[in-house]
Amino acid sequence: MKDTLQKFMVEDAPVRGELVEISATWQQILARRDYPVAVKALLGEMLSAAALLSANLKFNGMIVMQIHGDGPVKLLVVECDSDLRLRATAKLVEGQEVADDATLEQLVNANGEGRFVITLDPKDKMPGQQAYQGIVPLDGDNVATVIENYMLRSEQLDTKLWLAADDNVARGVLLQKLPTQGGKNAPAEELETWNRLSMLGNTLRKEELLSTDIETLMRRLFWEETIRVFDPAHPEFYCSCSREKVGKMLKMLGQEEIEDALASEEKLGISCEFCGQHYEFDAIDCAHLFLPETPADAVPQTDTRH
């Protein structure tokens, strides 16, 4: 079965929702790295959250979700574009033990200096347009709460998230209360609907999320509601790394630094943090990078086997 994201609207109330189930994509990510149990759970929850938020992007581009940690986990990154193509990675401090039941605080906010970053990066930027980036403290004891607080502060959107992940699957449920027309206060019955749906979501436990497909979850949670269900979308793994991008990165380091590195190494080897693809640049390849008007993708391909 394909990975699936299902969107729906609640009739007669300004509430939208989504459920996502990511299995094949998640397995492709985990096949490339051996993460501790607690790190898998955290990264998988971020993966679900990124897919849920990306499904409502109003531009052709990408959402990049990052946690910069000050504990045994230095960095977690999830990227998802408007076509629901995903990739994710985590960087850990070498030599540190990570308990299976480690909390968000223990993993990435041990000294209170962890940060949560969301970047919205349009693909077709207008002249002078930059990516939008929001940076907030890790305000909450789990990823769902951190994102809920971020959405309320930065987007003024009431958002509820329920997330879970293990070795096999990452699932998530999202509810959002949409603004009323003209900025007026929502009628009492609309608030009642939102509060009721939020309470239903709060009955979800991680074990239920991990063991129940999203079609069954939707039926269990919203069987009393009149909802409009949209055609499902299908997330998939995709890595945007390329030899050209690696060449541009090397070029940014400067010719002197590259030559110094080559003095001690026959070739410069770079592996993608997301997919593991290995790229090698020898002295001739690097010299081509610094020729006038030579694009990085014009550098001759060398043998990239380990």
Visitor: For the OG atom of Ser240 and the CZ atom of Arg87, what is their distance to the nearest 0.5 Å?
Guide: 3.5 Å
Visitor: Is Leu75 reachable from Val78 through a run of I, L, V, M, F, W or Y residues, each pair having side-chain heavy atoms under 4.5 Å apart?
Guide: no
Visitor: Walk me through whether Val246 and Phe281 qualify under side-chain contact (heavy atoms from CB on, under 4.5 Å).
Guide: CA-CA 9 Å; Val246 174; Phe281 288 73; 3.6 Å; yes
Visitor: Less than 4.5 Å apart, any side-chain heavy atom of Leu178 and any of Met9?
Guide: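 Sidechains of Met9 and Leu178: in contact.
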Visitor: With sequence neighbours excluded, tell me which residues meet side-chain contact (heavy atoms from CB on, under 4.5 Å) with Gln28.
Guide: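 Applying side-chain contact (heavy atoms from CB on, under 4.5 Å) to Gln28 gives Arg32, Phe237.
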Visitor: Please answer: with hydrophobic residues joined when any side-chain heavy atoms are less than 4.5 Å apart, are Val64 and Met151 in the same cluster?
Guide: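 Each belongs to a different hydrophobic cluster.
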Visitor: Is there a donor in the side chain of His234 and an acceptor in the side chain of Glu236, or the other way round, less than 3.5 Å apart?
Guide: no
Visitor: Examine Tyr279 and Met249 and state if one hydrophobic cluster contains both, with Ile, Leu, Val, Met, Phe, Trp and Tyr joined whenever side-chain heavy atoms are less than 4.5 Å apart.
Guide: yes
Visitor: Distance from Ile29 atom CD1 to Leu47 atom CG, nearest 0.5 Å?
Guide: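 Rounded to the nearest 0.5 Å, the CD1-CG separation comes to 4.5 Å.
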Visitor: Decide whether Asn142 and Glu45 meet the rule of one side-chain donor and one side-chain acceptor closer than 3.5 Å.
Guide: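 Judged by distance alone, the side chains do not pair up.
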Visitor: Any non-hydrogen side-chain atom of Val20 less than 4.5 Å from a side-chain atom of Leu84?
Guide: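 Val20 vs Leu84: side chains apart.
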Visitor: Can we say Arg171 and Glu21 salt-bridge, meaning some charged N sits less than 4.0 Å from an Asp/Glu carboxylate O?
Guide: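 Salt bridge between Arg171 and Glu21, a charged N being under 4.0 Å from a carboxylate O: yes.
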Visitor: Flag the pair Leu92 / Val39 as yes when at least one side-chain heavy-atom distance between them is below 4.5 Å, and no otherwise.
Guide: yes
Visitor: To the nearest 0.5 Å, what is the distance between CG (Leu157) and CG (Leu152)?
Guide: 8.5 Å
Visitor: Shared ILVMFWY cluster between Trp26 and Ile63, side chains joined below 4.5 angstrom?
Guide: yes
Visitor: How about Lys206: does its NZ atom have over 12 heavy atoms from other parts shown lying under 6.0 Å from it?
Guide: yes
Visitor: Can you tell me if Gln96 has over 12 outside heavy atoms packed within less than 6.0 Å of its CD?
Guide: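 Buried by this count: over 12 neighbours within 6.0 Å.
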Visitor: Okay, side chain of Gln27, backbone of Ile22: is any donor-acceptor separation there less than 3.5 Å?
Guide: no
Visitor: Thr89 versus Tyr35: any side-chain heavy-atom pair under 4.5 Å?
Guide: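 Thr89 vs Tyr35: side chains touch.
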Visitor: Which pair of non-hydrogen atoms, one from Gly71 and one from Val93, has the smallest distance, and what is that distance?
Guide: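 Of all heavy-atom pairs spanning Gly71 and Val93, the closest is O-CG2, 3.5 Å.
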Visitor: Can you name the closest pair of heavy atoms from Cys80 and Ala51 and give their distance?
Guide: SG-CA, 4.0 Å
Visitor: For a side-chain contact (heavy atoms from CB on, under 4.5 Å) check, start with the C-alpha distance between Leu57 and Leu120, then their side-chain angles and the critical distance, and finish with the verdict.
Guide: CA-CA 9 Å; Leu57 287 179; Leu120 303 178; 4.1 Å; yes
Visitor: With side chains defined as the heavy atoms from C-beta onward, is the minimum distance between Trp162 and Thr203 less than 4.5 Å?
Guide: no
Visitor: Could you give me the CA-CA distance, side-chain angles and deciding distance for Leu76 and Val108, then say whether side-chain contact (heavy atoms from CB on, under 4.5 Å) is met?
Guide: CA-CA 9 Å; Leu76 300 111; Val108 296; 3.7 Å; yes
Visitor: Give the minimum heavy-atom separation between Pro232 and Gln6, together with the two atoms involved.
Guide: CB-OE1, 3.7 Å
Visitor: Show the nearest heavy-atom pair for residues Phe116 and Leu138, with the distance to one decimal.
Guide: CB-CD2, 3.7 Å
Visitor: Examine distances only and state if a side-chain atom of Lys7 and a backbone atom of Asn56 form a donor-acceptor pair shorter than 3.5 Å.
Guide: no
Visitor: Using a 3.5 Å distance criterion without hydrogens, assess whether the side chain of Arg85 forms a donor-acceptor pair with backbone atoms of Ser82.
Guide: no
Visitor: Salt bridge (charged side-chain N to carboxylate O under 4.0 Å, His left out), that's the test. Do Glu208 and Arg220 meet it? Break it down for me.
Guide: CA-CA 11 Å; Glu208 184 179 8; Arg220 284 182 186 176; 3.0 Å; yes
Visitor: Starting from Ile214, can I reach Leu197 by hopping between I/L/V/M/F/W/Y residues whose side chains sit under 4.5 Å apart?
Guide: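 Linked within one cluster.
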Visitor: Answer yes or no: is there a donor N or O on one side and an acceptor on the other, between the side chain of Ser23 and the main chain of Asp3, under 3.5 Å?
Guide: no
Visitor: In this structure, which one of Ser242, Ser271, Cys241 forms a side chain to side chain contact (heavy atoms under 4.5 Å, CB included) with Gln277?
Guide: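 Looking at Ser242, Ser271, Cys241, the match for Gln277 under the side chain to side chain contact (heavy atoms under 4.5 Å, CB included) is Cys241.
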Visitor: For the pair Arg243 and Asp285, find out whether any cationic side-chain nitrogen is under 4.0 Å from an anionic carboxylate oxygen.
Guide: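 Salt bridge between Arg243 and Asp285, a charged N being under 4.0 Å from a carboxylate O: yes.
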Visitor: Keeping the roles fixed (side chain from Asn109, backbone from Glu113), state whether a donor-acceptor pair exists under 3.5 Å.
Guide: yes
Visitor: If you count the non-hydrogen atoms of other residues, nucleotides and ligands that lie under 6.0 Å from CD in Glu215, is the total more than 12?
Guide: no
Visitor: Where the side chain of Asp70 meets the backbone of Ala110, is there a donor-acceptor pair that is under 3.5 Å apart?
Guide: yes
Visitor: For residues 257-265, which side-chain N or O atoms pair as donor and acceptor with protein atoms under 3.5 Å away, sequence neighbours left out?
Guide:
unit_1	atom_1	unit_2	atom_2	d
Glu259	OE2	Gln255	NE2	3.3
Ser264	OG	Ala261	O	3.2

Visitor: How long is the span from the CD atom in Gln66 to the CE atom in Met46, to the nearest 0.5 Å?
Guide: 8.0 Å
Visitor: Using the side-chain contact (heavy atoms from CB on, under 4.5 Å) rule, take Leu250 and Ile270 through it: C-alpha gap first, then chi angles, then the decisive distance, then the call.
Guide: CA-CA 10 Å; Leu250 292 174; Ile270 298 96; 4.0 Å; yes
Visitor: Could you name each residue pair satisfying salt bridge (charged side-chain N to carboxylate O under 4.0 Å, His left out) that touches residues 135-150, not counting sequence neighbours?
Guide: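 Qualifying pairs, neighbours excluded: Asp139-Arg153.
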Visitor: Taking all non-hydrogen atoms of both residues, which atom of Glu18 and which atom of Leu5 are closest, and how far apart?
Guide: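 Residues Glu18 and Leu5, closest heavy atoms: OE1-CD1, 4.0 Å.
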Visitor: Taking atom CG of Leu163 and atom CD1 of Ile147, what is their separation to the nearest 0.5 Å?
Guide: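 Leu163 atom CG to Ile147 atom CD1 measures 6.0 Å (nearest 0.5 Å).
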Visitor: State, to 0.1 Å, how close Leu86 and Pro235 come at their nearest heavy-atom pair, and which atoms those are.
Guide: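 In this case the closest contact between Leu86 and Pro235 is CD1-CB, 3.7 Å.
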Visitor: For a 4.5 angstrom cut-off between non-hydrogen side-chain atoms, does Thr193 reach Asp12?
Guide: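 In short, these two side chains do not touch, never coming nearer than 4.5 Å.
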Visitor: Suppose we screen for side-chain hydrogen bond (donor to acceptor under 3.5 Å, both in side chains). Which residues come up paired with Glu273, at least two apart in sequence or across chains?
Guide: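 By the side-chain hydrogen bond (donor to acceptor under 3.5 Å, both in side chains) rule, Glu273 matches Arg33.
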Visitor: For Gln176, give me all partners under side-chain hydrogen bond (donor to acceptor under 3.5 Å, both in side chains), at least two apart in sequence or on another chain.
Guide: Arg16, Thr159
Visitor: Go through the structure and list residues passing ring-ring contact (aromatic ring centres under 6.0 Å, His included) with Phe222, not counting sequence neighbours.
Guide: Phe8
Visitor: Check whether any side-chain heavy atom of Leu53 lies under 4.5 Å from a side-chain heavy atom of Ile118, and answer yes or no.
Guide: yes
Visitor: I want to check something: taking the side chain as every heavy atom from C-beta on, are Lys91 and Val77 in contact at a cut-off of under 4.5 Å?
Guide: no
Visitor: Decide if atom CD of Gln156 counts as having more than 12 heavy atoms of other residues, nucleotides or ligands within a radius under 6.0 Å.
Guide: yes
Visitor: Can you tell me how far the CG atom of Leu209 sits from the OG atom of Ser48, to the nearest 0.5 Å?
Guide: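 Rounded to the nearest 0.5 Å, the CG-OG separation comes out at 8.5 Å.
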